[in-house]
Structures are given as structure tokens and as C-alpha cells.
2 protein chains.
Amino acid sequence: MSNKPTAAAIPGNTIGRLSLYRRLLQELLAQGTRQVYSHQLARLAVSTPSQVRRDLMTIGFSGSPRRGYTISELLANIEGLLARSIETSVALVGVGNLGRAILAYYANRQPVRFAAAFDRAPEKTGRILHGCRCYPVSEMAEVIAREQIHVGVIAVPAAEAQGVADQLVLAGVRGILNFAPVRLHVPAGLYVEHVDLMMALDKVAYYAHQQVEQQDSSR
Amino acid sequence: MSNKPTAAAIPGNTIGRLSLYRRLLQELLAQGTRQVYSHQLARLAVSTPSQVRRDLMTIGFSGSPRRGYTISELLANIEGLLARSIETSVALVGVGNLGRAILAYYANRQPVRFAAAFDRAPEKTGRILHGCRCYPVSEMAEVIAREQIHVGVIAVPAAEAQGVADQLVLAGVRGILNFAPVRLHVPAGLYVEHVDLMMALDKVAYYAHQQVEQQDSSR
DNA sequence: CTTCATTTGTGAAACTGTTCACAGTGTGAA
DNA sequence: TTCACACTGTGAACAGTTTCACAAATGAAG
């Protein structure tokens with residue numbers, strides 16, 4: 001039986017929170033804490049104890065009553081689950097303002113390796129930024145195959161994003177993180193995560209403004 | 001009756017999609033299209049016709065059978081709802097790599113006005129970046145009050161984010177867009193949107209890798 | 001050894017968001 | 001003017017997620 005039943009599909013929200021827990025647990029461990037209760041982790045994550053327990057239950061991790069969860073074990077568990085990221089090499093496409101900021105942001109954070117960057121502009125290629133070599137887009141397929149890259153990060157203008165995505169898919173990438181303000185069409189089964197900055201700001205503006213109105217109307 | 005019943009709380013997901021529809025509709029209008037069907041908009045948004053119709057129903061907008069939705073009307077409707085953003089001034093805190101990229105990204109996109117930026121480092125203050133003046137953090141309260149800023153964007157290192165959030169709240173901001181990899185604690189009623197780049201990449205890496213495994217196990 | 005306080009694990013309820021399916025309707029064609 | 005079609009609007013089913021509430025387990029204290 002090579003198929004562990006634990007390996008069922010974990011919902012995206014849960015994966016997101018696990019990523020957060022990992023960071024928090026790393027900090028706690030660095031501070032010398034050994035054990036943690038669901039309510040403590042919940043406070044750090046700005047969540048609820050129930051939610052934390054449910055998430056840990058989802059990944060099949062157990063604590064013990066009265067003692068809580070052993071941080072080192074829990075951390076190992078979560079890292080084993082997610083951060084094959086360690087084994088996952090990533091490619092960045094688009095070395096503009098945003099691309100460079102992304103590179104800087106992820107540089108030297110543990111579980112990520114940017115194995116290559118790509119840009120159309122010749123003056124950007126050939127250099128090494130934050131430990132990541134920049135190639136011309138024409139070499140994308142070749143480099144992605146050679147470096148065993150499974151994830152692509154798109155940080156190009158909206159108009160070029162779909163084309164880049166197509167190239168990435170063709171090159172064999174299995175997941176895409178897209179910063180361009182367009183929805184990407186990809187073959188079924190491929191995973192795409194959109195980070196839509198415009199949408200994010202619109203949401204904040206909407207709710208912030210709504211509050212102002214409620215305040216006004218309650219005079 | 002000053003309270004329009006339409007003004008009920010619209011769920012965050014819907015607001016997000018409306019933001020997307022707005023962009024798509026703007027493009028369509030620029031191309032000279034006048035009318036659009038739910039299934040067309042759905043294809044552009046990589047969504048479903050049902051979802052589109054439900055969203056427009058949520059904001060109380062009606063089309064007509066066989067004709068679809070009139071783009072100009074729909075756009076006006078959505079903009080009237082969301083993009084009080086036009087009236088909402090925004091402040092950026094943290095003018096590092098990410099902060100500058102954010103500024104560049106939003107600069108000259110219609111419904112956003114970055115009225116001020118703040119940074120601790122003296123060598124960054126006093127300049128004007130992408131049409132946005134940079135002040136020292138000590139002047140935050142004053143500038144935010146003067147410029148009627150209601151939204152703050154946080155792009156500082158994790159360790160400083162909570163402190164900055166507290167200052168923003170104190171200065172009277174009503175919504176926060178947070179790029180720092182920490183969960184912020186704010187008074188109830190204030191809106192916070194987190195853009196967690198680490199989490200986003202973890203999600204992609206997880207699902208991308210899972211795919212690889214499924215492929216392998218199905219030999 | 002027993003009791004008590006505390007925390008986990010989890011079935012079930014409640015809630016939220018999405019999709020279905022079809023009645024109703026305006027439109028263009030004849 | 002009538003007809004048939006292709007669309008919208010929406011109640012209701014469905015799916016997914018979060019929260020509740022409580023039994024079971026554990027360690028500490030007496």
C-alpha cells in the first residue's frame with residue numbers, strides 16, 4: 001500500500017494557514033519555546049483555537065491534552081508537507097520593478113530557490129540578481145528543463161502574461177504564481193495562484209469607505 | 001429613508017470579482033464593444049456565467065434577455081460602488097524594494113491616489129517617487145490627517161509591521177493593505193487585507209508538487 | 001490513588017459561497 | 001403580429017469552510 005490515506009487533498013485555505021503556522025512556529029522555536037497550545041498559535045495567527053486544531057487534525061497531527069503541541073514535531077510535519085518547496089525550483093519571468101522586488105523578497109528565505117529569471121530586454125539578461133541568473137526568454141524552455149523547474153512566477157505586463165504562461169506550460173511547469181492583472185487560461189490540472197494587487201487595494205478601499213459611510217449615517 | 005437597502009454588505013469575494021470585471025469592462029469598452037453576455041464576461045474572468053449573473057444580481061444590476069448587459073451602464077454601476085477609491089487617498093509606509101515596486105505598479109492606474117509615502121530612513125524622505133512625496137514616519141499622523149488619507153499600505157519588514165499598523169490606526173486610517181509577512185492585530189471594525197507572498201508561493205509549490213506525485217504514482 | 005483543571009480531538013451544526021436548473025422575458029425574425 | 005429562441009434572474013440544491021460544544025485524555029496537586 002504505497003498510497004498513504006493521509007495524503008488526501010488538503011483545501012487551499014488550510015495550506016495557506018499551514019504556511020503561516022510554519023513561520024510562527026519557526027519564530028517560537030528560535031525563541032526557545034518547545035510546546036504551544038492551540039489558543040496561543042491562534043492568537044499569533046489572528047485566528048481561533050478551533051481553526052488551529054481543525055487544521056492540525058486535517059494534516060493528521062496530534063498534540064496531547066494539557067501539554068499542547070510539540071513545536072519541533074509539528075514544524076517538521078508541516079515542512080514535510082508543504083515545503084517540498086525546498087525541492088521545488090522556481091523561475092521568475094519579468095525582471096521589472098515588481099520582478100526585482102519579488103526576487104529580493106524571496107531571496108534568502110529558507111524554502112525557496114529561484115533557479116532562473118527571464119526577461120525580454122537584452123540589457124537585463126546575463127546579470128545575476130539576488131543570486132539568480134537572468135536569461136533571455138528565448139532560452140526559457142531549455143533552462144526550465146535543465147534546472148528541473150516546476151513553478152513559474154509571472155511578473156510581466158498584463159498584455160504579455162498569457163503568452164508567457166503558455167510558454168511556461170509548454171516548458172513543463174506545473175504551477176504558476178501570477179502577478180499580472182489578468183486571469184490566465186491554463187490546461188486543466190495545472191495550478192494557478194493569482195496575486196492581484198489592484199483587486200486587493202479595491203477591497204480595502206471599498207470596506208474602508210463603507211465604514212466611513214456607516215459612521216456618517218449613524219450620525 | 002436615507003438607508004438604501006442596496007447598500008447591504010457585499011461579500012469580499014464578490015468585491016474582488018467586481019474589481020476584475022471593471023478592468024475587463026474597461027478593456028471591452030475601449031475596444032468599442034457595447035454589450036456583453038454573462039458567458040462572455042465569464043470567459044474573460046475565467047469564471048462561470050452563473051457566477052457572473054449572481055454577482056451582478058448582488059449589486060442589483062439588471063441586463064436584458066437576448067441583449068445581455070450594457071457595458072457602459074454596468075461599468076458605471078461597478079465604479080460607483082467600488083471606486084470611491086477615486087475619492088480614497090492612500091498612504092504607503094516603507095519605501096524599500098517592495099514599496100517602490102508597489103508605487104510603480106499603482107502609479108497612473110485610474111482609481112488610486114497615493115497621497116503620501118513614509119519611511120524611517122532619512123535618505124529616502126523628501127524625494128518624490130512616482131508622483132508621491134516621501135515623508136519621515138514622524139510626520140505620519142499629521143500628513144494623514146491633512147491629506148484625508150483613509151487607507152494605509154504597509155511594506156515594511158515583518159518586525160516593524162505591527163508598530164506601523166498601530167500608528168496608522170491611531171492616525172485614523174480605516175483600512176490597511178499589508179504586505180509584511182505577519183498577521184496584524186487591529187481594533188474590531190477596521191479592515192485589513194493581507195497579501196502574503198510567502199503563503200502564495202507555498203500554495204503553488206504544494207499543488208505543483210502534488211501533481212508530480214500523482215503523476216508518478218499513476219506510473 | 002483520586003480528584004480537579006485544562007486542553008485536545010471531533011461529530012455535528014451553522015454558515016458562507018457556488019452551481020444548478022428552469023421559469024420568465026425581451027428580442028429579432030418571419 | 002406572432003413565434004421561437006437565447007438570454008437573464010433567482011429559488012433551491014449543493015459544496016465547502018468555520019464554529020460549536022462536549023467527551024476523552026492528560027498531567028498536576030493533594
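In what follows, chains carry the letters A, B, and so on, assigned in the order in which the sequence lines appear, proteins first and then strands, with residues in each chain numbered from 1.
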Taking [atom1] from [X] and [atom2] from [N], how many angstroms apart are they, rounded to a whole number?
X: B:Asp55; N: C:dT16; atom1: CG; atom2: C1'; value: 14 Å
X: B:Gln40; N: D:dA6; atom1: CD; atom2: P; value: 15 Å
X: A:His39; N: C:dG9; atom1: NE2; atom2: P; value: 14 Å
X: A:Leu56; N: C:dT10; atom1: CG; atom2: C1'; value: 13 Å
X: B:Gln35; N: D:dA6; atom1: CD; atom2: C1'; value: 14 Å
X: B:Asn13; N: D:dG16; atom1: CG; atom2: C1'; value: 12 Å
X: A:Met57; N: D:dT19; atom1: CE; atom2: P; value: 16 Å

Quiz item: For A:Ala158, what residues pass the side-chain contact (heavy atoms from CB on, under 4.5 Å) criterion, not counting sequence neighbours?
Solution: A:Pro181, A:Val182
For [N], does either OP1 or OP2 sit under 4.0 Å from a side-chain N or O belonging to [X]?
X: A:Ser50; N: D:dC20; value: no
X: A:Tyr69; N: C:dG9; value: yes
X: A:Gln51; N: D:dT19; value: yes

Quiz item: How are the rings of A:Phe61 and A:Tyr69 set to each other: parallel, tilted or perpendicular (split at 30° and 60°)?
Solution: tilted
Quiz item: Counting only N and O atoms by type, is there a donor-acceptor contact under 3.5 Å from the side chain of A:Glu27 to the main-chain atoms of A:Leu24?
Solution: no
Quiz item: Is A:Arg54 side chain donor-acceptor paired with the D:dT17 base, going by distance under 3.5 Å alone?
Solution: no
Exercise. Could you work out which one of C:dT18, C:dT7, C:dC20 sits closest to the side chain of B:Arg17?
Key: C:dT18
Quiz item: With a non-hydrogen cut-off below 4.0 angstrom, is A:Thr14 in contact with a base, only sugar-phosphate, or nothing?
Solution: nothing
Quiz item: What does nucleotides 25-30 of chain D look like as a protein-contact string, B for base, S for sugar-phosphate only, - for none, at under 4.0 angstrom between heavy atoms?
Solution: BBBS--
Quiz item: In terms of the nearest nucleotide of DNA chain D, which residue is placed more toward the 5' end: A:Arg53 or B:Ser62?
Solution: B:Ser62
